[in-house]
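Keep in mind it's a predicted model, so treat the numbers as computed, not measured.
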Amino acid sequence: MKEQLLKKISDKSISAGVVGLGYVGLPLAVEIAKAGFFTTGFDLIEDKVNKVNKGENYISDVDHETLRILTAEGRLRATTDFSRIADMDFIAICVPTPLDTHQQPDLSYIEHSSMQIAQFLKKGTMVVLESTTFPGTTSDIVRPILEKGSGLICGKDFYLAFSPERVDPGNAHYKTGNTPKVVGAIGQDAEDVIKAMYESFLEGGVYPVSSPAIAEMEKILENTYRNINIGLINEMAMLCDRMKINIWEVIDAAKTKPYGFQAFYPGPGLGGHCIPLDPYYLSWKVREYAFHTSMIEASMMINDRMPEYCAQRVTNILNEFSKSLKGSRILVLGVAYKADIDDCRESPAIRVINVLRKKGADVTYFDPYVKEYSDHGIKYSGESELTPSLLEKSDIVIITTAHSNVDYGMVQKHSRYIFDTRNAMHGIKDRDNIELL
């Protein structure tokens, strides 16, 4: 089985499937197809499937023309029919792993996908879970589902591994294709074939580890490291505000040190699918071992309270002008969770908006990438254009996302007051009406 798969990888005769066509799955499917493998994307959402089959892109990190060419040539296709899993030699699972209402991991997408795959899994197939999750998921949850549903034995009849996605939306340099890949497989044969498969379509290299649990924990470490350091800098920002010290200037000075310091920046909270959520997976899992992740949990609390803190800062600014927050007209610039993308998942800007609205403020927003967003089933539309009149009629402008295509000089010129949580106005000389986080 191993030698046959290695030969099929070498001669590009592998049929590859990607389950989940979102921010992780579609870029991965494109990279596989670009390398010469016939690739099928699986998704339950018909709109995504139809768009892929028409060559219509909906993910900013995917090149529009590349997608169009791949679909036109038939190298990439999409379907809602999971029976076609039976034709696949390689299957990557790239489905969401959100938190439930109790801030506990929701593995329903992984479990459902695994059950769907198990129904049609054939001998000699490589299966890789890429969805971020807690250590033990691949071996203790995915493996039993696949074995029970298919009647096949892992390591003997099919190969299984965990390889964490490393997607940074909007990153101009590192994309799916050139980012190093970590692979933790069950057994040496599985490692050999799955490593060879990834190396056949990725330029960033493959780093194998000894088990899926190592790879799962590695991903948690990556994002928890960022969570803790952002929590540290957010707490420093709150302290610096109280001490009337510019935290942004402090960071600029500190990062001149060529060793021992990596710059992190404060903001209105954490966004995206990974960094705000992954520490919760870990803190939930470690309860089995009677262990408390005190440092991690402290950083989570700091980051979670930043939207409330920002709303309080806005209240304080308005008070200086004898203006109540209730009834104030507030313009929020940016609802995407980071600059120059259209992704609103777990966006702290939306949380800031919600806090302000609950306190009675009249809040609208402008985002050049996000014309509307949905929150708890309710759709909100933004302003179609950022104009001087829109700025002038707002009591305060809050910059929550530092998009590079916004004219911040015009914003400064026509705004009564600006609360800049991202230091987007750093190049503006006239700063009398600007307050930084």
**Asked** When you check the gap from the basic side-chain N to the acidic O, do Lys338 and Asp168 get nearer than 4.0 Å?
**Response** yes
**Request:** Step through the shown structure and confirm whether more than 12 heavy atoms of other residues, nucleotides or ligands are within 6.0 Å of NZ on Lys156.
**Result:** no
**Glu65 and Asp63: CA distance, side-chain angles, deciding distance, side-chain contact (heavy atoms from CB on, under 4.5 Å) verdict** = CA-CA 6 Å; Glu65 183 63 12; Asp63 181 73; 3.6 Å; yes
**Prompt:** Would the number of heavy atoms belonging to other residues, nucleotides or ligands and lying under 6.0 Å from NZ of Lys12 be above 12?
**Reply:** yes
**Request:** Show the numbers, then the answer: is there a salt bridge (Lys or Arg N to Asp or Glu O under 4.0 Å) between Lys371 and Glu383?
**Result:** CA-CA 8 Å; Lys371 301 307 178 185; Glu383 298 290 338; over 6 Å; no
**Request:** Using the salt bridge (Lys or Arg N to Asp or Glu O under 4.0 Å) rule, take Lys7 and Glu3 through it: C-alpha gap first, then chi angles, then the decisive distance, then the call.
**Result:** CA-CA 6 Å; Lys7 183 178 184 304; Glu3 295 305 322; over 6 Å; no
**Atom pair OG (Ser150) and CG (Asp157), whose distance is rounded to the nearest 0.5 Å** = 7.5 Å
**Item:** Gap between atom CG of Leu160 and atom CD of Glu147 - 0.5 Å precision
**Value:** 8.5 Å
**Message:** Quick test of your reading of the model: are Glu346 and Arg351 salt-bridged, counting only N-O distances below 4.0 Å?
**Reply:** no
**Cation-pi check, Lys285 onto Phe134 ring (under 6.0 Å, within 45° of axis)** = no
**Polar contact flag, side-chain donor to acceptor under 3.5 angstrom, Glu46-Thr80** = no
**Message:** Is it true that, when you exclude Met295 itself, more than 12 heavy atoms of the residues, nucleotides or ligands shown sit nearer than 6.0 Å to its CE?
**Reply:** no
**Request:** Could you tell me whether Lys195 and Glu199 make a salt bridge, using a distance below 4.0 angstrom between a side-chain N and a carboxylate O?
**Result:** yes
**Prompt:** With a 4.0 Å cut-off, would you call Glu216 and Lys219 a salt bridge?
**Reply:** no
**Asked** Considering the options Tyr198, Phe37, Phe158, which one meets the ring-ring contact (aromatic ring centres under 6.0 Å, His included) requirement together with Phe90?
**Response** Tyr198
**Message:** If you compare all heavy atoms of Pro212 against all heavy atoms of Ala185, which two are closest, and at what distance to 0.1 Å?
**Reply:** CD-O, 3.6 Å
**Asked** How long is the gap from CD on Glu111 to CG on Asp106, to the nearest 0.5 Å?
**Response** 8.0 Å
**Asked** Is Arg226 paired with Glu222 through a side-chain N to carboxylate O contact shorter than 4.0 Å?
**Response** no
**Request:** Assess whether atom CD of Gln119 is packed by more than 12 heavy atoms of other residues, nucleotides or ligands within 6.0 Å.
**Result:** yes
**Message:** More than 12 heavy atoms of other residues, nucleotides or ligands under 6.0 Å from CE of Met217: yes or no?
**Reply:** no
**Message:** More than 12 heavy atoms of other residues, nucleotides or ligands under 6.0 Å from NZ of Lys123: yes or no?
**Reply:** no
**Prompt:** Could you state the interatomic distance from OH (Tyr373) to OH (Tyr365), rounded to the nearest 0.5 Å?
**Reply:** 6.5 Å
**Request:** Identify the two heavy atoms, one from Gly74 and one from Phe38, that lie closest to each other, and give their separation to 0.1 Å.
**Result:** O-CD2, 3.6 Å
**Request:** Mark yes or no for whether Asp375, through its side chain, and Tyr380, through its backbone, hold a donor-acceptor pair below 3.5 Å.
**Result:** no
**Asked** Quick one: does Ser394's side chain have a donor or acceptor within less than 3.5 Å of a partner on Leu390's backbone?
**Response** yes
**Note: Lys175-Asp61 ion pair, threshold 4.0 Å (strictly below)** = yes
**Message:** Restricting to non-hydrogen atoms, name the atom on Ile9 and the atom on Ala196 that form the minimum distance, rounded to 0.1 Å.
**Reply:** CG2-O, 3.8 Å
**Request:** Please confirm whether the backbone N or O of Arg75 pairs with a side-chain atom of Glu73, one donor and one acceptor, at under 3.5 Å?
**Result:** no
**Asked** Just by distance, with hydrogens left out, do Ser83 and Asp81 show a side-chain donor and acceptor under 3.5 Å apart?
**Response** yes
**Asked** Looking only at atom types and distance, does a side-chain atom of Thr179 sit under 3.5 Å from a main-chain N or O of Thr176, one as donor and one as acceptor?
**Response** no
**Message:** Does either side chain, that of Ser404 or that of Asp340, offer a donor lying less than 3.5 Å from an acceptor on the other one?
**Reply:** yes
**Flag if over 12 foreign heavy atoms under 6.0 Å of NZ, Lys148** = no
**Interatomic distance, Ile141 atom CD1 to Leu146 atom CG [nearest 0.5 angstrom]** = 12.0 Å
**Request:** Give a yes/no verdict on a cation-pi contact between Arg166 and Tyr174, requiring under 6.0 Å between NZ or CZ and the six-membered ring centre and an angle within 45° of the axis.
**Result:** no
**Item:** Note: Glu435-Arg313 ion pair, threshold 4.0 Å (strictly below)
**Value:** yes
**Message:** Rounded to the nearest 0.5 Å, what separates atom CG in Asn223 from atom CD1 in Ile228?
**Reply:** 11.5 Å
**Prompt:** Thinking salt bridges, do Asp11 and Lys8 make one under a 4.0 Å N-O criterion?
**Reply:** no
**Message:** Quick test of your reading of the model: are Arg305 and Glu308 salt-bridged, counting only N-O distances below 4.0 Å?
**Reply:** no
**Message:** Using every non-hydrogen atom in the two residues, find where Asp367 and Gly334 come nearest and quote the distance to one decimal.
**Reply:** OD2-CA, 3.3 Å
**Prompt:** What heavy-atom pair brings Pro27 and Gly22 nearest, and what distance separates the two atoms?
**Reply:** CD-O, 3.5 Å
**Asked** Heavy-atom count around Tyr109 OH within 6.0 Å, excluding the residue itself: above 12?
**Response** no
**Message:** Which heavy atom of Glu191 sits nearest to which heavy atom of Val209, and what is that distance?
**Reply:** OE1-O, 3.8 Å
**Request:** Run the numbers on Arg143 and Asp140 for salt bridge (Lys or Arg N to Asp or Glu O under 4.0 Å), then give the verdict.
**Result:** CA-CA 6 Å; Arg143 177 179 179 173; Asp140 300 339; over 6 Å; no
**Request:** Assess the pair Phe82 and Phe42: is the distance between their ring centroids shorter than 6.0 Å?
**Result:** yes
**Message:** Under a plain distance cut-off of 3.5 Å, with no hydrogens placed, do Thr125 and Asp89 share a side-chain donor-acceptor pair?
**Reply:** no
